[in-house]
Amino acid sequence: MTEEILMSATSEMRREAGYVIEPPPQPALPVVGSDRLFPVRRVYCVGRNYAEHAIEMGHDPNREPPFFFQKNPDALVTNGEFPYPVRSSDVHHEIELIVALGRGGKDIPVEKALDHVWGYAVGLDMTRRDLQGEAKKMGRPWEVGKSFEASAPCGPVVPAAQIGHPAKGLVWLDVNGERRQKGDLSQLIWSIPETISYLSGLFTLAPGDLIMTGTPAGVGAVKRGDVMRGGVEGVGEIEVRVV
Ligand code: MN
């Protein structure tokens, strides 16, 4: 497979560059209509970006400044399987639109923000809700709840050159054929350009960064054997089995 050839070429080149151990593979996502990959640098996530989800989590739906956390890029999985994680008995699905940046920058103005987007994807911000809840209560970081292995099942990137920049469209998730999550991109508290602009004031963004833009209401637990199927209208769909 091209993917494997690409990976091994990269790894060979790096070994020759003099690393003392085998360098880790470059996390990457497939690209619709291409045999080339989208390399991932960072995975930023927006918290509580749909009012109804903020309410279901017991928070104020009013427009407070957005807040962010990160997942590790190597937590991306693209094989349609989500291994149920250790140390949790309350693992939740969060279907989200993902923005893939082709250009970086800092202090990006809202009206220029979409020029930095290379494409879009559909992904899941899988969450160990019990561990996240404990962390919240104790004022601790969210990593254990959010950034565990395989916590970001993801579909391929669709180039914006193909689909444009979606600002509305259904965001949905079914578990075993039953609708669990439903929202619309037009309901985002912080729009995609606003999110990019705000984030670029906190971090210097770079090509290869992903932004998971938040999840609509209806999050809930999954168990082994469940099939999650979800999508974002105009972008794509994913199907992921909990194993
Ligand atoms: Mn999320």
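Along the sequence shown, residues are numbered consecutively beginning with 1. Being a predicted model, the structure only gives us computed values, none of them experimental. In each ligand, atom 1 is the first atom listed, and ligand 1 is the first ligand listed.
- Residue Gln162 places its CD atom among more than 12 non-hydrogen atoms of other residues, nucleotides or ligands, all under 6.0 Å distant.
- Counting only protein N, O or S atoms closer than 2.8 Å to the Mn ion (ligand 1) gives 3.
- Side-chain N or O atoms of Arg128 include one that pairs as donor or acceptor with a backbone N or O of Val144 at under 3.5 Å.
- Counting only N and O atoms by type, the side chains of Asp60 and Asn62 include a donor and acceptor under 3.5 Å apart.
- With Asp209 as the partner, the salt bridge (charged side-chain N to carboxylate O under 4.0 Å, His left out) test is satisfied by one option alone out of Arg42, Lys71, Arg41, Lys106: Arg41.
- A donor-acceptor pair under 3.5 Å links the side-chain atoms of Ser197 to the main chain of Ile108, judged by distance alone.
- Note that Arg63 lies in the cation-pi zone of Trp190, set by a 6.0 Å cut-off to the ring centre and a 45° limit from the axis.
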